[in-house]
Amino acid sequence: VKYTSIDLSQATGLVTLGQQPFKNCNAITNAIVIPPNVEVLGAQALCFNRALVDDVPVTPLRGDLKLPGSLKKIGSSALSNGYYTSIDFSEATNLVEIGDNAFAWSPTYQIGQKVGEVPCTDLDLSACVSLTNVGNYVFKRFGQVRSLVFPDSVQRIGTTIFHEKDNMLTNLVLSAS
């Protein structure tokens with residue numbers, strides 16, 4: 001299917017995006033607006049692998065991403081392969097869990113072309129006051145991240161959340177608890 005964008009902003013009754021609802025929509029290149037009442041992003045809900053426009057590989061989901069206040073769970077690989085310039089967690093106060101590989105970036109999907117790391121430079125999860133569980137490899141290959149702030153509520157941080165040999169992380173903020 002050759003959709004280049006998906007606008008879900010008016011779908012106010014939508015509370016769950018299940019596993020791979022847009023599978024094979026391989027031309028999505030514009031950042032997606034997540035509806036204000038979505039509570040769950042299932043596994044690979046907004047993951048677009050092998051993005052193609054006119055059979056030419058392109059970088060999927062470019063731009064800024066804002067997470068809604070209603071969001072409680074981000075499933076495994078739910079938002080992976082997005083080339084986000086920023087991720088806004090400021091309203092995601094109900095977020096409890098971020099699954100494995102949730103935002104992971106896999107540049108190898110580009111048929112022989114390597115794209116640089118995701119350009120997002122700061123990740124501030126401090127507003128996510130309900131967040132207790134951060135999965136494994138959550139920000140895999142987000143090599144440009146310089147600052148990461150976790151809320152006091154976090155009880156578990158998975159293994160190798162960045163998994164990037166050249167990551168630029170210089171500021172990590174964790175609470176005393």
Side-chain angles (χ1 to χ4, degrees), residues 6-9 11-23 25 28 30-49 51 60-106 109 117-145 147-164 167 169 172-174:
I6 297 173
D7 183 355
L8 302 173
S9 61
T12 56
L14 186 63
V15 293
T16 300
L17 281 173
Q19 185 172 344
Q20 296 181 328
F22 303 107
K23 186 176 182 176
C25 292
I28 303 298
N30 296 316
I32 292 175
V33 175
I34 299 171
N37 295 321
V38 167
E39 295 177 3
V40 176
L41 293 175
Q44 298 181 345
L46 297 171
C47 171
F48 298 94
N49 294 317
L61 296 183
R62 290 173 282 198
D64 300 325
L65 177 65
K66 184 169 185 146
L67 300 175
S70 58
L71 192 60
K72 294 179 181 176
K73 179 180 179 180
I74 300 173
S76 63
S77 301
L79 294 156
S80 61
N81 291 331
Y83 196 73
Y84 303 114
T85 50
S86 71
I87 302 173
D88 184 348
F89 290 91
S90 66
E91 293 180 11
T93 57
N94 293 305
L95 185 61
V96 173
E97 179 181 350
I98 301 175
D100 295 346
N101 296 297
F103 297 94
W105 171 247
S106 299
Y109 79 92
E117 292 88 8
V118 176
C120 186
T121 59
D122 294 305
L123 295 169
D124 185 350
L125 286 75
S126 62
C128 304
V129 294
S130 301
L131 184 63
T132 58
N133 186 23
V134 178
N136 304 317
Y137 304 102
V138 170
F139 301 108
K140 180 180 177 182
R141 294 203 177 98
F142 265 60
Q144 302 289 322
V145 173
S147 176
L148 176 60
V149 179
F150 284 107
D152 293 343
S153 58
V154 169
Q155 297 172 3
R156 179 190 175 274
I157 298 174
T159 60
T160 324
I161 61 170
F162 280 98
H163 189 69
E164 177 60 46
N167 88 55
L169 188 65
L172 176 63
V173 179
L174 295 168

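FYI, the numbering just counts along the sequence from 1. Side-chain atoms are counted along with the backbone in the values below, which use heavy atoms only and exclude waters and symmetry mates.
Residues L174 and I157 are in side-chain contact: their nearest non-hydrogen atoms beyond the backbone lie under 4.5 Å apart. Contact annotation: the side chain of Y137 never approaches that of I161 to less than 4.5 Å [non-hydrogen atoms, C-beta and beyond]. Counting heavy atoms from C-beta outward, I98 and L125 have side chains that approach closer than 4.5 Å. At a threshold of 4.5 Å between non-hydrogen side-chain atoms, the residues I34 and L65 count as touching. Counting heavy atoms from C-beta outward, T12 and P36 have side chains that approach closer than 4.5 Å. Residues L8 and V38 form no side-chain contact, since every pair of their non-hydrogen atoms from C-beta on lies 4.5 Å or further apart.
Side-chain contact check for D64 and S86: at least one donor-acceptor pair (N or O, by modelled atom type) lies under 3.5 Å. Donor-acceptor pairing under 3.5 Å is lacking for the side chains of S76 and N101.
Listed here is the closest heavy atom pair of P151 and S126: CB-O, 3.8 Å. The two residues F89 and D124 make their nearest non-hydrogen contact at CB-O, 3.5 Å. Residues G42 and A78 approach most closely at O-CB, 3.3 Å, considering heavy atoms. Smallest separation of non-hydrogen atoms from S80 and C47: OG-SG, 3.0 Å. The shortest heavy-atom contact between A11 and P35 is O-CB, 3.4 Å. Closest approach of D122 and S147 over heavy atoms only: OD1-CB, 3.1 Å.
The aromatic rings of F103 and F139 sit parallel, their planes meeting at an angle under 30°, below the 60° perpendicular limit.
Expressed to the nearest 0.5 Å, how far CG of N81 lies from CD of Q44 amounts to 9.0 Å. A distance of 11.0 Å separates CG in N37 from OG1 in T16, rounded to the nearest 0.5 Å. Atoms NZ and CG, from K72 and L95 in turn, are 11.0 Å apart once rounded to the nearest 0.5 Å. Atoms CG and CG, from N133 and D100 in turn, are 8.5 Å apart once rounded to the nearest 0.5 Å. Residue L131 holds its CG atom at 11.0 Å from CZ of R156, rounded to the nearest 0.5 Å. If you take SG on C128 and CD on E91, they are separated by 11.0 Å, rounding to the nearest 0.5 Å.
Side-chain atoms of N136 do not come within 3.5 Å of backbone N or O of G158 as any donor-acceptor pair.
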